[in-house]
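Have a look at the structure below before the remarks.
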Amino acid sequence: MTALTQTLAVDRQTAVARTAPSKSADRLFHGAAYASALLVLLVLAGILGSIIYGAWPAFSEFGFGFLTSSAWNIGTEQFGALPAVVGTVAAAMLALIIGVPVSLGIAVYLTQLCPGWARKPVAMTIELLASVPSIIYGMWGLFVFAPLFARFVQVPVSNVVEGMPILGTILYARIPSGVGVLTAGIILAIMIVPFVASITRDMLDQIPTVLRESAYGIGCTTWEVVRHVLVPQASVSIIGAIMLGLGRALGETMAVTFVIGNANRLSASIFDPGSTIASRIANEFNEADGLQLSSLMALGCLLFIITFFVLIIARLLVRRAKVA
């Protein structure tokens with residue numbers, strides 16, 4: 001009995017000796033994790049606070065009229081955000097309209113239709129597009145794509161729709177130079193395709209094979225399997241991928257600066273030059289001072305708010321998809 005008691009005492013001492021360092025390491029781990037999360041919040045608060053502080057003179061000077069004004073005159077110090085905001089939203093929406101169907105088509109092809117020997121090269125090509133720097137897209141868009149787009153799209157389409165009441169307003173290019181809002185939307189679409197396609201492909205691959213086989217077993221076609229089985233199963237992830245692409249399109253700077261034309265005006269034609277918040281900041285921030293600098297900071301604040309609303313919409317769509 002004495003030997004058993006001694007053995008239990010030794011085991012208890014060993015357990016205590018092992019538990020003390022373990023508890024210390026656990027406290028250290030919790031503290032590091034908490035500090036990391038707090039650091040992110042502090043950085044975000046610091047960025048937002050500095051932007052608001054820098055933008056406050058512009059908001060105080062122009063008030064709500066800063067959002068509705070189209071003026072941007074450095075000499076008279078009259079600044080307005082409407083053309084840049086409209087251009088940002090228009091280019092991003094065009095990028096989604098063009099890029100999302102292409103991305104979904106690529107993902108479906110890679111997971112359902114692509115032969116085994118071609119799947120890896122095609123997937124690798126799509127992923128390589130994501131690694132191309134944005135300035136390369138901008139240079140290619142300006143020097144290669146824009147001239148071809150002007151010659152083979154803008155000029156023929158403008159000749160056809162000239163004088164038409166609706167199409168003539170939307171698709172007529174007064175100066176068919178190749179740059180414009182639609183050109184920026186196409187370049188942005190090419191840039192977001194790798195992200196949306198890769199995420200969608202990974203999600204479709206994770207769907208259990210038994211669901212596909214069951215659908216094919218009852219006589220469904222490939223389109224019906226994709227439409228009624230795969231897309232509903234991966235709808236939450238697809239929405240997340242689309243919103244990730246939208247965030248990339250809203251904040252893209254260099255590529256858009258090259259191809260959008262950087263014209264501070266509102267136009268109903270998607271062929272005409274325009275500007276975005278990011279492109280205007282990139283063009284003028286280096287030499288800005290005084291009220292102009294404050295106005296550019298105010299544009300950055302508006303871009304932050306737009307991105308925040310996009311995040312809220314994404315959350316609501318994901319929640320609705322989960323409930324459905």
Side-chain angles (χ1 to χ4, degrees), residues 67-73 80-106 129 134 136-194 196-197 242 245-246 248-280 282-283 299 302-303 306 310:
L67 298 176
T68 59
S69 174
S70 300
W72 194 272
N73 193 319
L82 186 59
V85 172
V86 173
T88 300
V89 176
M93 291 299 105
L94 288 171
L96 288 187
I97 293 172
I98 299 170
V100 169
V102 175
S103 302
L104 297 181
I106 292 172
L129 286 175
S134 60
I136 302 300
Y137 281 110
M139 294 174 62
W140 175 81
L142 179 62
F143 296 114
V144 178
F145 180 77
L148 296 176
F149 188 71
R151 180 178 179 182
F152 296 105
V153 178
Q154 284 188 344
V155 173
V157 172
S158 298
N159 292 334
V160 171
V161 303
E162 185 176 5
M164 294 184 180
I166 298 178
L167 291 179
T169 303
I170 300 175
L171 298 176
Y172 179 74
R174 290 177 289 183
I175 303 176
S177 60
V179 298
V181 177
L182 181 57
T183 306
I186 294 173
I187 299 299
L188 287 175
I190 297 174
M191 296 178 67
I192 69 173
V193 160
V196 181
I242 293 173
L246 178 58
R248 173 79 189 273
L250 286 172
E252 180 54 44
T253 304
M254 294 309 300
V256 175
T257 304
F258 272 87
V259 299
I260 199 169
N262 301 304
N264 186 65
R265 65 186 182 196
L266 292 173
S267 177
S269 175
I270 58 178
F271 283 159
D272 284 344
S275 65
T276 65
I277 293 175
S279 67
R280 181 159 298 281
N283 280 321
L299 287 178
L302 292 178
L303 182 59
I306 292 173
V310 169

Taking all non-hydrogen atoms of both residues into account, name the closest pair between [X] and [Y] and its distance.
| X | Y | result |
| --- | --- | --- |
| Gly261 | Pro273 | CA-CB, 3.8 Å |
| Leu188 | Ala249 | CD1-O, 3.8 Å |
| Val153 | Pro156 | O-CD, 3.4 Å |
| Ala282 | Thr253 | CB-CG2, 3.5 Å |
| Ser70 | Leu266 | OG-CD1, 3.5 Å |

Side chains of Leu303 and Thr276 in contact at under 4.5 Å (non-hydrogen atoms):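 Of all side-chain heavy-atom pairs linking Thr276 with Leu303, none is under 4.5 Å.
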
Note, Glu252 side chain near Tyr137 side chain (heavy atom, < 4.5 Å):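 Side chain of Glu252 against side chain of Tyr137, heavy atoms only: no contact under 4.5 Å found.
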
Donor-acceptor pairs under 3.5 angstrom involving side-chain atoms of residues 83-98: please list them, not counting sequence neighbours.
{"unit_1": "Thr88", "atom_1": "OG1", "unit_2": "Ala84", "atom_2": "O", "d": "2.7"}
{"unit_1": "Thr88", "atom_1": "OG1", "unit_2": "Ile277", "atom_2": "N", "d": "2.8"}

Heavy-atom donor-acceptor pair, Asn262 side chain to Thr257 backbone, under 3.5 Å: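 Flag set: sc Asn262 to bb Thr257 pair under 3.5 Å.
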
Donor-acceptor pair, side chain of Ser269 and main chain of Ile170, under 3.5 angstrom: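 Pair found, side chain donor or acceptor close to backbone of Ile170.
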
Audit row: Phe258, Ile187, side-chain contact (heavy atoms from CB on, under 4.5 Å) steps and yes/no: CA-CA 10 Å; Phe258 272 87; Ile187 299 299; over 6 Å; no

Atom pair CE/OG of Met254 and Ser134 - distance to nearest 0.5 Å: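 Interatomic distance, Met254 CE to Ser134 OG, rounded to 0.5 Å: 7.0 Å.
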
Inter-residue atom distance Leu171.CG - Ile166.CD1, 0.5 Å rounding: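 Spacing of CG (Leu171) from CD1 (Ile166) equals 11.0 Å.
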
All N/O donor-acceptor pairs, side-chain side in residues 138-152, below 3.5 Å, sequence neighbours left out:
none

Show me the donor-acceptor pairs within less than 3.5 Å that the side chains of residues 172-186 make with the rest of the protein, sequence neighbours left out.
{"unit_1": "Arg174", "atom_1": "NE", "unit_2": "Asp272", "atom_2": "OD2", "d": "3.4"}
{"unit_1": "Arg174", "atom_1": "NH2", "unit_2": "Asp272", "atom_2": "OD2", "d": "3.2"}
{"unit_1": "Thr183", "atom_1": "OG1", "unit_2": "Gly178", "atom_2": "O", "d": "2.5"}

